[in-house]
Amino acid sequence: KTSPRIRKVMASLIQHIHDFARENEVTVDEWMAGVEFINEAGRMSNDVRNEGQLVCDVIGLESLVDEITYKLVSEADSAPTATAILGPFWRADAPRRDMGATIVQNIPDGDHTFIQGIVKDYLTGEPIEGAELDVWHTAPNGLYEQQENQVEHNLRGRFTTGKDGRYSFYCLRPISYPIPDDGPAGKLLKLLDRHPMRPAHIHFIVSAPKYKPIVTQVFDRRDEHLANDSVFAVKDSLIVDFLPREGDPKAQFELAYDFRLATF
Ligand code: DHB
Ligand code: FE
């Protein structure tokens with residue numbers, strides 16, 4: 001049976017689309033171009049290319065619903081960690097890895113980075129045992145593992161905290177890169193005179209029993225695109241500093257970042 005919520009939302013959507021057409025005196029040819037735009041996005045989409053999501057992201061819709069869903073209370077150090085959009089490249093089945101391991105396989109270039117921190121309760125500051133961090137980022141060529149022929153699950157992994165709530169692993173210092181712009185999302189960007197770049201970021205989903213999971217990203221402070229992310233995901237409290245790392249042959253940079261979760 002249809003829920004009252006979906007009836008109400010769809011009726012409102014239709015109302016707004018009609019208002020849009022009236023306000024702009026949309027013609028038959030213009031409407032048909034819009035239909036073709038949607039169909040093209042559908043034809044391009046497959047397991048590793050979610051063009052519908054990309055289109056939504058460049059118009060700021062995923063960021064907006066993220067904001068609506070996880071109302072940002074505050075970006076203070078005492079607040080729960082801010083959220084950011086999931087984006088189209090998360091995979092549900094990332095492998096579990098040992099704490100302190102690297103997620104980097106078979107990549108000759110790139111700045112290796114040691115990341116560590118604590119997952120804690122935002123109110124009590126107590127470390128959270130059994131918290132899971134699911135992490136993913138791109139290779140130095142700007143592509144996620146499923147977008148090309150990399151080692152499967154390269155640059156992704158899941159880590160589980162022990163009693164001390166601590167996590168640590170090696171990854172790469174991310175770089176900025178363009179979102180896929182050879183389809184409808186790219187056309188839309190061009191007609192709006194916008195670039196497709198995303199600032200360098202690392203994705204995280206942090207979850208723990210009895211706590212609200214957070215989907216988020218951390219952004220490299222040195223990035224020139226922080227102020228004009230093509231998908232509007234940057235928040236001040238998610239901007240981090242990668243520091244030079246001394247005495248570790250496995251990494252040139254290090255990053256310390258704690259995650260603060262709220263109970264249900
Ligand atoms: C999008 C998000 C990402 O994190 C990314 O790496 C590429 C694209 C997006 O929102 O479309
Ligand atoms: Fe991303």
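Atom set for the values below is all heavy atoms of this structure, side chains included, hydrogens, waters and symmetry mates excluded. In each ligand, atom 1 is the first atom listed, and ligand 1 is the first ligand listed.
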Going by the order shown, which atoms of ligand 1 are within less than 4.0 Å of some heavy atom of [X]?
| X | result |
| --- | --- |
| Ile85 | 10 (O) |
| Tyr144 | 4 (O), 6 (O) |
| Val231 | 9 (C), 10 (O), 11 (O) |
| Leu54 | 11 (O) |
| His201 | 4 (O), 6 (O) |

Measure up the His203 and His201 rings against each other and bin them: parallel (under 30°), tilted (30 to 60°), perpendicular (over 60°).
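It falls in the perpendicular class, over 60°.
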For [atom], which protein heavy atom lies nearest, and how many Å away is it?
| atom | value |
| --- | --- |
| atom 8 (C) of ligand 1 | Ile179 CG2, 3.3 Å |
| atom 7 (C) of ligand 1 | Phe89 CE1, 3.5 Å |
| atom 5 (C) of ligand 1 | Tyr177 OH, 3.1 Å |
| atom 3 (C) of ligand 1 | Arg198 NH1, 3.3 Å |
| atom 10 (O) of ligand 1 | Asp57 OD2, 2.3 Å |

Heavy atom of His203 under 4.0 Å from ligand 1?
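Yes.
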Can you figure out which of Pro88, Gly142, Ala84, Ala185 has its heavy atom closest to atom 2 (C) of ligand 1?
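Nearest option to atom 2 (C) of ligand 1, by heavy atoms: Pro88.
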For the residue pair Arg198 and Gln217, confirm or rule out a side-chain donor-acceptor distance under 3.5 Å.
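The criterion, which ignores hydrogens and geometry beyond distance, is satisfied for Gln217 and Arg198.
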Tyr170/Phe114 under ring pair (Phe, Tyr, Trp, His ring centres under 6.0 Å): CA gap, chis, key distance, verdict
CA-CA 5 Å; Tyr170 289 89; Phe114 181 71; 4.9 Å; yes
Salt-bridged, [X] to [Y], with N to O below 4.0 Å?
| X | Y | result |
| --- | --- | --- |
| Glu67 | Lys235 | no |
| Glu145 | Arg91 | yes |
| Arg158 | Asp93 | no |
| Asp121 | Arg260 | no |

Quick one: do Tyr177 and His225 satisfy side-chain hydrogen bond (donor to acceptor under 3.5 Å, both in side chains)? Show the steps, please.
CA-CA 10 Å; Tyr177 60 86; His225 297 292; over 6 Å; no
Phe253 ring centre to Arg173 NZ or CZ under 6.0 Å, with the angle to the axis within 45°?
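Flagged: Arg173 positioned over aromatic ring of Phe253.
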Please give the atom name: the N, O or S atom of His203 nearest to the Fe ion (ligand 2).
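Result for His203 and the Fe ion (ligand 2): NE2.
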Can the ring centroids of Phe264 and Tyr211 be said to lie less than 6.0 angstrom from one another?
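Ring centres of Tyr211 and Phe264 not closer than 6.0 Å.
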Polar contact flag for Glu62 and ligand 1 (N/O pairs, less than 3.5 Å):
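Such a contact does not occur with ligand 1.
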At a threshold of 2.8 Å, where the distance has to be below it, does the Fe ion (ligand 2) have an N, O or S atom of Thr138 nearby?
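No, since none of the N, O or S atoms of Thr138 sits under 2.8 Å from the Fe ion (ligand 2).
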